[in-house]
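Taking it in order: structure first as structure tokens, then the write-up.
The chains referred to below are lettered A, B, ... by the order of the sequence lines, with proteins before strands, and numbering in each begins at 1. None of the values given here were measured: they were computed from a predicted structure.
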Protein chains: 2
Amino acid sequence: MFSQTVEYALRAVVFLADHAPTACTTDQISTATQVPKPYLSKVLQNLGRNNIVRSQRGIGGGVTLVKMPNELTILEVVNAVEPIERIHTCPLGLKSHGTKLCPLHQRMDEALEMVEKSFNQTTVAEMLAEPGGSHPLCENPKATAEKQVKKRQ
Amino acid sequence: MFSQTVEYALRAVVFLADHAPTACTTDQISTATQVPKPYLSKVLQNLGRNNIVRSQRGIGGGVTLVKMPNELTILEVVNAVEPIERIHTCPLGLKSHGTKLCPLHQRMDEALEMVEKSFNQTTVAEMLAEPGGSHPLCENPKATAEKQVKKRQ
DNA sequence: ACAAAACAGGACGTCAATGTCCATTTTAAC
DNA sequence: GTTAAAATGGACATTGACGTCCTGTTTTGT
């Protein structure tokens, strides 16, 4: 239902949010999210072109979120890598249906709408709030404490 | 979001329901649903193996639904060709997460659950009831009237 | 028995998603 | 300036989804 790429993009963004505003390298993200580094690199480039993340080359560089985690929705991330395609016109091209979908496609589009709305209502920040659940991408629920800030000098 | 195969399977099933309990040939279904015949054939075989449709070889043969349209849900059809995979355990294999998903995967699974429930609540028969919308797969909304019953002799 | 209609199934082709690899460019530190 | 860290981009490999084709098998009507 959801592609690998969507899953990977969300993992990366959650990781970045968890470390914001510190920049993270592809290596760090790859290790933590268990996404193959070369592929992750492509996904991040894609997120960069769609203005979800910003990247900085060279020593001390890395990737950061463009928006604040509490202003970035999962829908924005999903739409950046694989847009949710709502059904607007009859896929069979039946002219008489026009803008009015038949019940089949109405139902399918309703499902898409539900997902779209749900994803639009969830910010990346909400996923770090651990409402009873475990912390994203971390083995130890309390691992947030020792956030490893990278020294620059 | 939904694969072509799912779309094709649903079109075929809706067409069969619209003509139930008369058997339809792959040719008829292919023409009406605009699904390439050889591929439709594979999809129907798949639906057959999953006991959604039954097929009859030879002259006068064709494909029919196993269940009554009002007892067949879209979920059953979807699950036959491409099962909705709910997220039950942490995709990263983090042991400490166990059965408790992190917020990210909770949200993704919630979306899957919504779609699953929605599809489970919709029967194929409901899609022929044309609640204000147009009739499935038919150019003319009133084309149902002249249902072309195939003569056997 | 024979012919025609119809499904079954295997082999093959194509393409996009996924994944890998390497050379290049940018940047900071020394 | 040199070096090392890091992203960029292009080329390539692999795999599964989608689609086609052909041969065989079943069934009915004559």
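We find that CD of B/Q56 is positioned 10 Å from C1' of C/dC7, with the value rounded to whole Å. Between the CG atom of B/L16 and the P atom of C/dC7 there is a distance of 11 Å, given to the nearest Å. Protein atom CG of A/L44 is 12 Å distant from nucleotide atom C1' of D/dT8, rounded to whole Å. Residue B/K37 contributes atom NZ, which lies 11 Å from atom P of C/dA5 at whole-angstrom precision. If you take CD of A/Q4 and C1' of D/dT15, they are 13 Å apart, rounded to a whole angstrom. Distance CZ (A/R54) to C1' (D/dA6): 17 Å, rounded to an integer number of Å. Look at OH on A/Y39: it is 18 Å from P on D/dA7, rounded to the nearest Å. Regarding B/R49, its CZ atom lies at a distance of 12 Å from the C1' atom of C/dC7, rounded to whole Å.
A donor-acceptor contact under 3.5 angstrom links the side-chain atoms of A/K42 to the base of D/dG10.
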side-chain contact (heavy atoms from CB on, under 4.5 Å) between A/M127 and A/I74, worked out | CA-CA 10 Å; A/M127 308 217 282; A/I74 347 186; 4.2 Å; yes
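For B/T26, a side-chain nitrogen or oxygen approaches OP1 or OP2 of C/dC7 to under 4.0 Å. Distances shown here put a side-chain N or O of A/Y8 below 4.0 Å from the OP1 or OP2 atom of C/dG19. Dashed line: the shortest gap from a side-chain N or O of A/T25 to OP1 or OP2 of D/dA5 is not under 4.0 Å. Residue A/Q45 places at least one side-chain N or O closer than 4.0 Å to OP1 or OP2 of D/dG9.
Within the 4.0 angstrom heavy-atom criterion, no nucleotide atom of any strand lies near A/G48. Residue A/P36 is in sugar-phosphate contact alone, with no base atom involved, counting any heavy-atom pair closer than 4.0 Å across all strands shown.
Between the side chains of A/T5 and A/Y39, at least one donor-acceptor pair of N or O atoms lies under 3.5 Å.
Listed nucleotides D/dA7, D/dC18, C/dC7 differ in distance to A/R57; the shortest reach to its side chain belongs to D/dA7.
With DNA chain C read from its 5' end, the first of the two nearest nucleotides for A/E82 and B/S41 is the one closest to B/S41. Between A/I59 and A/T5, the residue whose closest nucleotide on DNA chain C is further toward the 5' end is A/T5.
Side chain of B/R11 to main chain of B/T33: a donor-acceptor pair is present (N/O by atom type, distance under 3.5 Å, no hydrogens or angles).
Looking at every heavy atom in both residues, B/E82 comes nearest to B/V6 through CB-CG2, 3.9 Å. What you find for A/R107 and B/E126 is that their closest heavy atoms are NH2-OE1, 3.3 Å.
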